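These figures come from a predicted structure and were not determined experimentally. Residue numbers start from 1 in every chain, and the chains themselves are labelled A, B, ... in the order their sequence lines are given, proteins ahead of strands.
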Amino acid sequence: MAVTIRLQREAFDVAAEVAALTAGRADVGAVVTFTGVCRAEEGGEPIAALTLEHYPGMAEAEIARHVEEASVRWPLLGVTVIHRHGRLIPGEVIVLVATASSHRQAAFAAAEFLMDYLKTRAPFWKEVEKASGKTWVGAHRADDTAAERWSAPPPRHQAAK
Amino acid sequence: MAVTIRLQREAFDVAAEVAALTAGRADVGAVVTFTGVCRAEEGGEPIAALTLEHYPGMAEAEIARHVEEASVRWPLLGVTVIHRHGRLIPGEVIVLVATASSHRQAAFAAAEFLMDYLKTRAPFWKEVEKASGKTWVGAHRADDTAAERWSAPPPRHQAAK
Amino acid sequence: MKLLYFAWVRERVGKSEEEIDPPAGVATVGELIAWLARRGEEYAYAFENPKVIRAAIDRSHVRAEAKIAGAGEIAFFPPMTGG
Amino acid sequence: MKLLYFAWVRERVGKSEEEIDPPAGVATVGELIAWLARRGEEYAYAFENPKVIRAAIDRSHVRAEAKIAGAGEIAFFPPMTGG
């Protein structure tokens, strides 16, 4: 399985990353991507910027562990996770999760699993800048609930080719 | 909600379509894409090409009806469905479903719903060309099962802005 | 009334569309399939297993029990395999 | 042992890392939090609600009951909000 994991300050080209994920693979039939974008407003108030702090070292290791877990649960051919840190302005991409498989259900499920993980357990913190000041984003109950659905014993699949 | 539905013989630029889906939207926080790709082999045998036949008129109308249904079920900001017909060679994109929302669960669920629909109920038929000859692809039981999960009464959401 | 055929139904029948005028006793899609299957070898082959044949009347999916009265366009095809 | 602080825990404590040497009675993460909270106003503020504080020992998530003996690096932070 082709795995790319990067944490970076710089912007990146989603299309190029997806192309790299599937390049030269004869068996990829399905590619699912999730792109998280910095919104321009929240609760009706304009957002000036979003700053993402992370725990270097732990973030990479934890993401790698969850990509490995996804590859045990589903027959994946490739996974790309790129998460930015630093200050982002509205419209900028925060995170990309891309999954490739022979089958669409595996690609969808793995992308959702990784996003639920990133939202609730990966060591990143968001601070939002508005005209009224800077505030740290609180954890969302809905995200925790979404993440919990994966905690049942995973259905192991036959090792992917 | 921004809706793009196209059935076409020509290849298209996935990145440009996704960019168009979110252009100028301040409220998009999540974009999910599904890209279906013509595989190069099936059951270990090389695939020379795939030919997609469709029912003109019915396919467009049916897809539009299901995009409308998705927008009732989930708070979507945009949906793009592009499905090719004619002869495709391995590596070529067959279908793109892209969904945009403020929230990732809506974007994921709508993309899966539309793909399950396209796989089982949209009037398209695939014929695969191998060295051993041409054969029409049979319907997959797993696809029917996936589509059936949406047949419970949908959870209606508050009208999206 | 106009009939359309797609995929291997089209290949077996040997044409993609035709105009037909079924007798009065043919009231439902299922009866129309049975009537078509008796029109010749190519039709018998196309409709040999009616369970796998899907139908649409005026571009909406219908079941075998659907009435054909008033239909402008009836299409027959195998299970769909898009996406 | 090295402590790391992130997000508003870091802001409240006023530093991103420090070396500490807790007394022998401080055996678990929860006890370490209670001990830290008594070190001064900024710590009291950072750890005023221990329930929302998350911790990692040597880059793995741990609960308040986790033993700190042998830890090289302990991090404290609010609930994660990545993605």
Side-chain angles (χ1 to χ4, degrees), chain A residues 5 7 34-39 42 50-66 81-86 88 93-97 111-128 133-144 146-147, chain D residues 1-20 28-30 32-33 36-37 41-83:
Chain A
I5 297 169
L7 306 187
F34 176 90
T35 314
V37 182
C38 177
R39 278 186 276 168
E42 191 186 57
L50 209 57
T51 300
L52 274 131
E53 183 170 332
H54 75 298
Y55 184 170
M58 179 170 170
E60 292 88 332
E62 275 269 299
I63 293 172
R65 207 162 56 76
H66 282 79
V81 177
I82 303 176
H83 203 306
R84 290 179 68 191
H85 53 85
L88 307 180
V93 169
I94 304 165
V95 62
L96 168 70
V97 167
E112 285 195 77
F113 168 81
L114 290 169
M115 279 310 305
D116 284 348
Y117 158 69
L118 288 171
K119 285 273 176 187
T120 56
R121 298 276 294 170
F124 289 87
W125 301 273
K126 282 198 191 96
E127 189 180 37
V128 63
K134 289 186 176 192
T135 45
W136 290 97
V137 175
H140 291 283
R141 186 78 196 90
D143 286 329
D144 291 337
Chain D
M1 122 192 343
K2 185 180 179 184
L3 297 191
L4 300 178
Y5 307 112
F6 292 98
W8 55 254
V9 176
R10 170 182 55 72
E11 289 182 340
R12 290 180 179 191
V13 169
K15 56 185 102 174
S16 59
E17 56 177 87
E18 64 181 322
E19 285 291 332
I20 56 141
T28 66
V29 165
L32 181 58
I33 289 174
L36 286 167
E41 245 177 48
E42 67 276 30
Y43 290 94
Y45 181 36
F47 295 103
E48 66 183 358
N49 185 2
K51 275 191 194 161
V52 303
I53 301 291
R54 302 287 181 271
I57 293 182
D58 295 331
R59 305 180 176 182
S60 287
H61 292 292
V62 294
R63 294 174 179 276
E65 307 80 57
K67 303 282 185 213
I68 64 171
E73 176 177 303
I74 303 183
F76 293 106
F77 40 79
M80 290 70 76
T81 56

Taking A75(D), P79(D), P78(D), S60(D) one by one, which has the highest count of heavy-atom pairs under 4.5 Å against chain A?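 Going by pairs under 4.5 Å, I would pick P78(D).
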
Return the minimal non-hydrogen interatomic distance between V137(A) and T81(D), and the atom names on each side.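 So the minimum-distance heavy-atom pair works out to O-CG2, 3.4 Å.
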
Y55(A) OH to M80(D) CE distance, which is reported to the nearest 0.5 Å: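 These two atoms lie 12.0 Å from each other.
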
Run the numbers on E11(D) and E127(A) for side-chain contact (heavy atoms from CB on, under 4.5 Å), then give the verdict. CA-CA 12 Å; E11(D) 289 182 340; E127(A) 189 180 37; 3.4 Å; yes

Is H54(A) close to chain D through its backbone or its side chain, or both, or neither, when contacts mean heavy atoms under 4.5 Å? backbone

Segment of A122(A) engaging chain D (4.5 angstrom heavy-atom cut-off):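 When you check distances to chain D, only backbone atoms of A122(A) fall under 4.5 Å.
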
If only atom types and distance count, is the side chain of H61(D) paired as donor or acceptor with the main-chain N or O of R121(A) below 3.5 Å?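 Looks like yes, one N/O pair under 3.5 Å.
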
Keeping the roles fixed (side chain from K126(A), backbone from G82(D)), state whether a donor-acceptor pair exists under 3.5 Å. yes

Count the heavy atoms belonging to other residues, nucleotides or ligands that lie under 6.0 Å from OH of Y43(D), then report whether that count exceeds 12. yes

Should the heavy atoms of other residues, nucleotides or ligands under 6.0 Å from CD of E19(D) be counted, would the total exceed 12? yes

Please look at A56(D) and chain A and tell me whether the side chain, the backbone, both or neither of the residue comes under 4.5 angstrom of a heavy atom of that chain. side chain

R54(D), part contacting chain A, at a heavy-atom distance under 4.5 Å: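 Neither; nothing under 4.5 Å.
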
Tell me, out of L118(A), V81(A), L114(A), D116(A), who's got the most heavy-atom pairs with chain D below 4.5 Å.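 Of the candidates given, the most pairs with chain D belong to L118(A).
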
Side-chain contact test, heavy atoms from C-beta onward, threshold under 4.5 Å: evaluate it for F77(D) versus E53(A) and give yes or no.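 Heavy-atom side-chain distance check fails, nothing below 4.5 Å.
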
